[in-house]
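A short write-up of the structure that comes next.
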Amino acid sequence: MDKTINGTVTLHNGVKMPYFGLGVYKVDAGSQVVDTVKTALETGYRLIDTAAFYDNEEGVGEAIKTSGIPREEIFVTTKVWNSDQGYDKTLQAFERSMEKLNLDYIDLYLIHWAVPGKYLETWRALETLYKDGRVKAIGVSNFQIHHLQTLMDKYSEKPTVNQVELHPQLSQPELRKFCQKHGIQVEAWSPLGRGRLLNHPVLNELGEKYYKTAAQIILRWHLQNNVIIIPKSVTPSRIRENAQIFDFDLSQEDMAKIDAININQRFGRDPDNANFE
Ligand SMILES: NC(=O)c1ccc[n+]([C@@H]2O[C@H](COP(=O)([O-])OP(=O)(O)OC[C@H]3O[C@@H](n4cnc5c(N)ncnc54)[C@H](OP(=O)(O)O)[C@@H]3O)[C@@H](O)[C@H]2O)c1
């Protein structure tokens, strides 16, 4: 990865995706999401991660439309929610997301969770959307290795991206290795561990060493691991702080210190033991 805020990775289908962006889970619909996305775009963010489930797609679309930035310079991800899975329901859910976002195309459409008994049919719908040119890329979220393997055994089109919970306390080494081997780009959700890792002594010690905050140290660690990050903040100063990570490098030794923080601790649901009812 190079070191600029608007740098990209190339997905296996050739689409370029920014490796740095904003997540908008728990950002309120209406003025909060519009203002937050606008602040991020003004700061230089070019990737926005939303989902039907977040109930704020309208505001994301409005902020993009009124930003003055050409549509093709902004990468928009949204996701199909669990209750909409299956072939026909996914196609319908996609149309609803398109209407709310009020955009001509989506850059990346993800299956939000691997709902047992449904996600394979959902993937077939995503393939249809991709072949019809409605989305530039299709991918998955919260897929474990066995979900990815099952999907790849059945379909020729493999996911471009797997967006999973990933932070220093849940560094997912096996999953990252599997994805890398198969050309599936890993994207971290809760890259800051929902903000709960920011008092960790190792991260604070490294912050002092590099004149950075613990949040910036974590985000830089992700980038140096070739992981796409979408930190969420509704606080303008933090939106800017999280973008100040392109002017330093963590040494290999310090990367290893952060790797050692892993305790396989999830803050979100476990994809294998989630209740999808
Ligand atoms: N695919 C999935 O299933 C899934 C699940 C969860 C999340 N996601 C995506 O991933 C994105 C990020 O994950 P997340 O929102 O769960 O967690 P996160 O980005 O790890 O952390 C967000 C929390 O950290 C705080 N924060 C952000 N920057 C900070 C800073 N520099 N200093 C101190 N605190 C800071 C935020 O507070 P304020 O906002 O109050 O500033 C917020 O409470 C989501 O928004 C969503 O797009 C996807």
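As the structure lists them, so they are numbered: ligands from 1, and atoms in each ligand from 1. Nothing here was measured: the structure is a model prediction, and the numbers come from that model. Every heavy atom of this structure was used, including side-chain atoms; hydrogens, water molecules and symmetry mates were not. Along the sequence shown, the residues carry numbers beginning at 1.
The protein non-hydrogen atom at the shortest distance from atom 14 (P) of ligand 1 is S190 OG, 3.6 Å. Nearest protein heavy-atom contact of atom 44 (C) of ligand 1 is Y25 CB, 3.5 Å. The nearest heavy-atom contact from the protein to atom 28 (N) of ligand 1 is N242 ND2, 3.0 Å. Scanning the protein heavy atoms around atom 6 (C) of ligand 1, the nearest turns out to be W189 CE3, 3.1 Å. Of all protein heavy atoms, the one lying nearest to atom 12 (C) of ligand 1 is I230 O, 3.2 Å. Looking only at protein heavy atoms, the nearest one to atom 37 (O) of ligand 1 is R238 NH1, 3.0 Å. Atom 33 (C) of ligand 1 has as its closest protein heavy atom L198 CD1, 3.2 Å.
If you take CZ on F143 and OG1 on T150, they are separated by 9.0 Å, rounding to the nearest 0.5 Å. Taken from CH2 in W123 to CD in E157, the straight-line distance is 7.0 Å, to the nearest 0.5 Å.
Note: an N/O pair closer than 3.5 Å links V234 and ligand 1 by distance alone. Between K79 and ligand 1, no pair of N/O atoms sits closer than 3.5 Å.
Put simply, the side chain of Q216 gets close to the backbone of T213: a donor and an acceptor are under 3.5 Å apart. Under a 3.5 Å cut-off, the side chain of S141 and the backbone N or O of Q163 do form a donor-acceptor pair.
Side-chain contact of Y87 with T128: a donor-acceptor pair under 3.5 Å is present, judged by distance alone. Side-chain contact of E57 with T50: a donor-acceptor pair under 3.5 Å is absent, judged by distance alone. A donor atom on one side chain and an acceptor atom on the other are not found under 3.5 Å apart for W221 and D254. When only modelled atom types and interatomic distance are considered, D153 and Q149 share a side-chain donor-acceptor pair under 3.5 Å.
Neither the backbone nor the side chain of T50 has any atom closer than 4.0 Å to an atom of ligand 1 (non-hydrogen atoms only). Contacts between R194 and ligand 1, counted as non-hydrogen atom pairs separated by less than 4.0 Å, involve both the backbone and the side chain. At a heavy-atom cutoff of 4.0 Å, ligand 1 is contacted by no atom of L110, backbone or side chain. Within the 4.0 Å heavy-atom criterion, both parts of S233, backbone and side chain, lie near ligand 1. For V27, no heavy-atom contact with ligand 1 is shorter than 4.0 Å. Only side-chain heavy atoms of S141 come within less than 4.0 Å of ligand 1; its backbone N, CA, C and O stay farther off. Within the 4.0 Å heavy-atom criterion, neither part of A51 lies near ligand 1.
Taking every non-hydrogen atom of W113 and a distance limit under 4.0 Å, the qualifying atoms of ligand 1 come out as 3 (O). Each of the following atoms of ligand 1 lies closer than 4.0 Å to a heavy atom of N142: 1 (N), 2 (C), 3 (O). Below 4.0 Å from some heavy atom of T235 lie the following atoms of ligand 1, by number and element: 38 (P), 40 (O), 41 (O). Close approach of ligand 1 to D49 (heavy-atom distance below 4.0 Å) involves ligand atoms 9 (C), 46 (C), 47 (O). Residue-ligand proximity, H112 to ligand 1, at heavy-atom distances under 4.0 Å covers atoms 1 (N), 2 (C), 3 (O). Atoms of ligand 1 found under 4.0 Å from any heavy atom of P231 (numbered from 1 in listed order, with element): 19 (O). Close approach of ligand 1 to G193 (heavy-atom distance below 4.0 Å) involves ligand atoms 20 (O). Near L192, meaning under 4.0 Å from one of its heavy atoms, ligand 1 places the atoms 20 (O), 27 (C), 28 (N), 29 (C).
For Y54, the heavy-atom gap to ligand 1 drops under 4.0 angstrom.
Ring geometry for Y210 versus F248: interplanar angle of 30 to 60°, hence tilted.
Smallest separation of non-hydrogen atoms from P191 and P168: O-CD, 4.3 Å.
When H167, E241, K232 are ranked by how near their heavy atoms come to atom 26 (N) of ligand 1, first place goes to K232.
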Run the salt bridge (Lys or Arg N to Asp or Glu O under 4.0 Å) check on D107 and R46 step by step: do they pass? CA-CA 12 Å; D107 293 277; R46 288 296 178 268; over 6 Å; no
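When H147, K118, R269 are each tested for a side-chain contact (heavy atoms from CB on, under 4.5 Å) with W113, only one passes: R269. When V202, L197, I245, I258 are each tested for a side-chain contact (heavy atoms from CB on, under 4.5 Å) with I217, only one passes: I258. Each of V27, D49, V37 was compared with V60 under the side-chain contact (heavy atoms from CB on, under 4.5 Å) criterion, and only V37 meets it.
A cation-pi arrangement, defined by a distance under 6.0 Å to the six-membered ring centre and an angle within 45 degrees of its axis, is present between K136 and Y105.
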